[in-house]
Number of protein chains: 2
Amino acid sequence: MAVTIETRRQQIENAASALFRERGYAATSVRDIAQALNLQGGSLYAHVASKEDVLWSIVSRAADRFQADVGPLAQWDTPAPARLRQMITAHVAVVTSEQRDAVVFLHEWRFLSHDRREQMAGRRDAYEALFRKVIGDGVESGDFARIDPRMSAMAILSSLNGIASWYRRDGELSAEQISERYAAFFLRALACAPTA
Amino acid sequence: MAVTIETRRQQIENAASALFRERGYAATSVRDIAQALNLQGGSLYAHVASKEDVLWSIVSRAADRFQADVGPLAQWDTPAPARLRQMITAHVAVVTSEQRDAVVFLHEWRFLSHDRREQMAGRRDAYEALFRKVIGDGVESGDFARIDPRMSAMAILSSLNGIASWYRRDGELSAEQISERYAAFFLRALACAPTA
DNA sequence: CCTACCGATCGGTAGG
DNA sequence: CCTACCGATCGGTAGG
């Protein structure tokens, strides 16, 4: 068993992430976060500059994970269907393994300051573009039907992100089973000839 | 032009819905709502019992709309593919025409009191069951491939609900175009023979 | 990291 | 529907 050494800062971020996920950012007080670590409210400020700073750290590290785990797969020169399948699998893996941060990333980022929100919006758009690209590639190569890459990328990502809202580690389906089924489902939608 | 007569209560709910959507329930104060109607903070309480009561009204009327517009379609005895297509179209129509309430319904319902939250969870599950049912019917009849109705219903609804987060009334695609494309996309996923 | 505190704001109420 | 107010809590700071 690897022992993870958490700095105080990381402990704060983890406790905050759990609370932000459960109650939402705005409904969580700095005293709630402090209490989770058996600290006094004001003591947090020895480690963080502001409550919003903690949110920024959580949202940033979630964005980093998606980018690090999915981004490289999008660059491969493999056929679009196989490439998209890998991207879906990796995205679901982040959503399920980093569920706590992922939920905060998806739902609480609007509480960031204007500048940070804009910055994160840019990263999100670049990430979505990876999916638009691979779908567009598949349409061009004839592997996919002539669908709208923009719309189908949104449809797919909305579905995959939705998993963060209902996935349970002790549920019936493992993360691998879920990603396999979602990938099969969406690849059928893209690769099949249109009916009627 | 039909003139809509709004009661004060409805004005409050509409102003609150807009604010809850923009800032979130927890970050919206009763004074914010009052200010939007040129009232003093305390004056709201001549019309509503509590802030949470206003949220409940908004969430309830959104749930009512989904149930009223989609529910009956699920009862038809038409073939599953046509029935699901109608349900998707109707769901997207509610999401886009009642976007403000829909966003609040989808994102802010967790701020309801315990009892009301439970009640709404029940309604949501019954609603999702309509989609599971029609998909299950399609699998049984052979119109759909042998997929998991539970998973595909979640995938579809997550996607359709995601539309509430990006749809713009002045955007490139009309609500009708969107629902048409989403319906075609998902019906392909369900109705096509599996690839590889 | 604690104690003690700051001004601001919160949801809600009394009385008119 | 307003004025004036309630106790509670908010994010954050000073000084140790």
Side-chain angles (χ1 to χ4, degrees), chain A residues 5-60 104-105 107-117 120, chain B residues 5-60 104-105 107-117 120:
Chain A
I5 298 171
E6 273 181 317
T7 64
R8 206 48 158 160
R9 169 80 193 207
Q10 286 171 323
Q11 290 178 2
I12 292 171
E13 288 171 13
N14 291 339
S17 185
L19 288 164
F20 292 167
R21 179 191 168 188
E22 283 167 34
R23 316 181 184 176
Y25 175 79
T28 301
S29 74
V30 295
R31 285 165 182 81
D32 292 333
I33 301 168
Q35 196 179 34
L37 299 164
N38 289 312
L39 297 179
Q40 295 301 314
S43 305
L44 276 189
Y45 289 89
H47 304 95
V48 307
S50 70
K51 181 185 168 189
E52 192 250 358
D53 235 58
V54 178
L55 177 61
W56 175 245
S57 294
I58 298 165
V59 168
S60 294
V104 175
F105 171 68
H107 290 73
E108 310 299 330
W109 71 298
R110 60 175 164 158
F111 295 105
L112 292 169
S113 68
H114 176 81
D115 286 357
R116 287 173 161 174
R117 205 169 54 244
M120 202 48 68
Chain B
I5 298 171
E6 274 181 315
T7 63
R8 207 47 159 156
R9 169 80 193 206
Q10 286 171 324
Q11 289 178 2
I12 292 170
E13 288 172 12
N14 291 339
S17 186
L19 288 164
F20 291 167
R21 178 191 168 189
E22 283 167 33
R23 314 179 185 179
Y25 174 79
T28 301
S29 74
V30 295
R31 285 163 182 82
D32 291 334
I33 302 168
Q35 197 179 33
L37 299 165
N38 288 313
L39 297 179
Q40 296 301 314
S43 304
L44 276 190
Y45 290 88
H47 304 96
V48 307
S50 71
K51 181 186 167 188
E52 191 249 0
D53 234 58
V54 178
L55 176 62
W56 174 244
S57 295
I58 297 166
V59 168
S60 293
V104 175
F105 171 68
H107 290 75
E108 311 298 330
W109 71 298
R110 60 176 166 157
F111 294 105
L112 291 171
S113 68
H114 176 80
D115 286 357
R116 288 173 161 174
R117 204 169 54 244
M120 201 48 68

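On a predicted model such as this, the values are computed, not experimentally measured, just so you know. What you see below is based on every heavy atom in this structure, not just the backbone, and it leaves out hydrogens, waters and symmetry mates. Proteins get letters first, then strands, A, B, ... in listed order; numbering begins at 1 in each.
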Q: Any chance you could encode DNA chain D as dot-bracket? Rule is Watson-Crick or G-U wobble with both distances under 3.5 Å; [ ] for pairs crossing earlier ones, | for another strand.
A: ||||||||||||||||
Q.
Less than 4.5 Å apart, side chain to side chain, heavy atoms only: is that true for Thr7(B) and Gln10(B)?
A. yes
**Q.** Euclidean distance, Ile33(A) CD1 relative to Gln11(A) CD, rounded to 0.5 Å
**A.** 13.5 Å
Q) How would you list all residue pairs meeting ring pair (Phe, Tyr, Trp, His ring centres under 6.0 Å) that involve residues 39-60 of chain A, not counting sequence neighbours? A) none
Q) What string of B, S and - do you get for nucleotides 3-16 of chain C, 5' to 3', when a contact is any protein heavy atom under 4.0 Å? A) B-B----SBBB---
Q. Contacts to DNA chain D from residues 14-24 of chain A, heavy-atom cutoff under 4.0 Å, which residues?
A. none
Q.
Nearest 0.5 Å, please: how far is OG in Ser43(B) from CD1 in Ile12(B)?
A. 9.5 Å
Q: Let me know which of Arg110(B), Arg117(B), Arg116(B) forms a salt bridge (charged side-chain N to carboxylate O under 4.0 Å, His left out) with Glu52(B).
A: Arg116(B)
**Q.** ring pair (Phe, Tyr, Trp, His ring centres under 6.0 Å) contacts touching residues 16-36 of chain B (sequence neighbours left out)
**A.** Phe20(B)-Tyr25(B), Tyr25(B)-Phe111(B)
(Q) Rounded to the nearest 0.5 Å, what separates atom CG in Asn14(B) from atom CG in Leu37(B)? (A) 9.0 Å
Q: Not counting sequence neighbours, list each pair that qualifies as a side-chain hydrogen bond (donor to acceptor under 3.5 Å, both in side chains) and has a residue in residues 26-35 of chain A.
A: Arg23(A)-Asp32(A), Ser29(A)-Asp32(A)
**Q.** Within-4.5 Å side-chain heavy-atom neighbours: Leu55(A) and Glu108(A)
**A.** yes
Q.
Please report the interatomic distance CG(Asp53(A)) to OG(Ser60(A)), rounded to the nearest 0.5 Å.
A. 9.5 Å
Q) Between dC1(D) atom P and Asn38(B) atom CG, what is the distance in whole Å? A) 11 Å
